[in-house]
Structures are given as C-alpha cells and as structure tokens.
Amino acid sequence: MSETERPGRPAPALVVRGVEVFPGLLDPSAQAALVAEIAAVMAAAPPVQPETRFGRKMSVRMTSAGKYGWVSDRRGYRYETQHPSGVAWPPVPAPVLALWHRVTGLDRAPDCCLVNLYREGAKMGLHQDRDEADFGWPIVSVSLGDEARFRIGGIERGGPTDSLWLKSGDVLVMGGAARLVHHGIDRVRGGSSTLIEGGGRINLTLRVVD
DNA sequence: AAGTTACA
DNA sequence: GATT
C-alpha cells in the first residue's frame, strides 16, 4: 500500500471475519446504471465458462474490464491483457471506478474489474484471491441482481466459516487482515431480482493486479 | 481445487 | 429442505 487513505469513506454497517459489508450502498437507480454499463462490457467481451487446470468447467461465466482480466484454463489461473477471443478487455466503466474510490478512499485505481455472471444454479467454491502482486491493496465486491449466500472462511483452508445473504446493491471490501480470506458463493436465489436480463446475479470484483 | 459430492 |  503506497498511497494515503482519503478521509470520509463510509463506515461499514457490519464486519464479518474482517470483511467490511455495506448493505444497500447502491440504490436501485445506481444498480440499473451499473448493469447498463456491464451489459456493454459483456457485449464487447462475452462471458465464458472457464475451465480449471483439471479440465472441469466452472459454473460461473466470466469476463473482465480493465488493463487485465482474470482467466483460468488448463494452464492455470492468471491475469491476461486480452479476452480469450484475442480482443482487448473493454475499459472499466467510470461509475465502477467512482464506486471503488468512494468505498476504499484510495487514489490508486483498480486495473481489473472481473465480471462474474451467476445464472441459475451457478456456484463458486471457497477460494482466495491470490493472483495479484500486492496483497496490500483491497478487493471490492459489488452484488447486482439475484440474492446469493456468501460464505467466508479464514486465511487457512478448512477452518470454521460464516455466511451471509448478499442482495443487489450490497458492496463488500476485503482488505487488511481479511485480504486473503477464503470466500465463495454457496447458492443463488433464482428469481429474487429482475435486474439482470435473463435472470441471475452479476458480481463485480475490483482489484489492483500489479 | 475459483472442481464436485457425500455425510452427520 | 437448509445448513455446516
């Protein structure tokens, strides 16, 4: 962490295992504006279902915006400057960047906005975000659309966990001691929102990659 | 193991 | 069926 924190960042309503939770930070019109921006990102860089290193397809569909996108295939996890099709990732939409600065208080911008699209039945197992160069930078997670059960463990795998339901407009910050906490999505409550065309949930994850 | 499934 |  090399930059000063900006005063006036909002206080989290609750903290779960060190993860800061800002329920309902985005009102419905702000959510709709973000969804419109992300729809344009997905039109330019269509979501794909990545494979793991063992050739198993993930249930979540992914794309990215920014200098880097997170990808997974039989070669493993990494950041790439291009969508698998070869096109550059579209820029991170300005309202997404504004949300990052508001909630982190940082001057430094993220260089990746990972877009996770959870259609009916999609889940994500417990994992750590550890493909970035400097864990001093926080991660910001934005929930849009259907509600989802978010599970939070510890730094070590296999320990106890807690869970909470995330709703559209909720924002999380994983930073400091909670930067490397295990987290995942147990399940998505289909039909709990009409925000996403075709149904489901979109999660934006903002990171500083290098 | 950013996989899935089983089980108490 | 939901949860851990």
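First the proteins, then the strands, lettered A, B, ... as listed; each starts at 1.
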Any chance the side chains of A/Asp146 and A/Ser193 put a donor and an acceptor closer than 3.5 Å? no
Would a distance-only check, ignoring hydrogens and angles, find a side-chain to backbone donor-acceptor pair under 3.5 Å from A/Asp111 to A/Lys67? no
Using a 3.5 Å distance criterion without hydrogens, assess whether the side chain of A/Thr63 forms a donor-acceptor pair with backbone atoms of A/Met42. no
For atom C1', what is the distance between B/dA1 and B/dT5, given to the nearest Å? 14 Å
Scan [X] against the nucleic acid and name what it touches under 4.0 Å (heavy atoms): base, sugar-phosphate only, or nothing.
| X | result |
| --- | --- |
| A/Arg61 | nothing |
| A/Asp131 | base |
| A/Thr161 | nothing |

What N/O pairs connect the protein and nucleotides 3-6 of chain B at under 3.5 Å? Give each pair on its own line.
residue: B/dG3; atom: OP1; partner: A/Gly125; partner atom: N; Å: 2.9
residue: B/dG3; atom: OP2; partner: A/Gly125; partner atom: N; Å: 3.1

Side-chain contact, heavy-atom cut-off 4.5 Å: [X] with [Y]?
| X | Y | result |
| --- | --- | --- |
| A/Arg78 | A/Val71 | yes |
| A/Val16 | A/Val21 | yes |
| A/Ser163 | A/Arg151 | yes |

A/Val35 and A/Leu114: same hydrophobic cluster, using ILVMFWY side-chain contacts below 4.5 Å? no
DNA chain B contacts made by residues 177-193 of chain A, counting heavy atoms under 4.0 Å: none
Grab the [atom1]-[atom2] distance between [X] and [N] for me, whole Å please.
| X | N | atom1 | atom2 | value |
| --- | --- | --- | --- | --- |
| A/Glu51 | B/dA1 | CD | P | 18 Å |
| A/Arg151 | B/dA2 | CZ | C1' | 16 Å |
| A/Leu204 | B/dA2 | CG | C1' | 17 Å |

Using 0.5 Å steps for rounding, measure from the CG atom of A/Asp210 to the OH atom of A/Tyr68. 3.5 Å
For the CG atom of A/Leu99 and the CG atom of A/Leu26, what is their distance to the nearest 0.5 Å? 5.5 Å
Kindly say whether the aromatic ring centers of A/His183 and A/His127 come within a distance under 6.0 Å. yes
Examine A/Arg201 relative to A/Tyr118 and say whether NZ or CZ is less than 6.0 Å from the centre of the six-membered ring and inside a 45° cone about the ring axis. yes
Its 5'-most and 3'-most nucleotides having an atom under 4.0 Å from a non-hydrogen atom of chain A, DNA chain C is contacted over C/dT3 to C/dT4
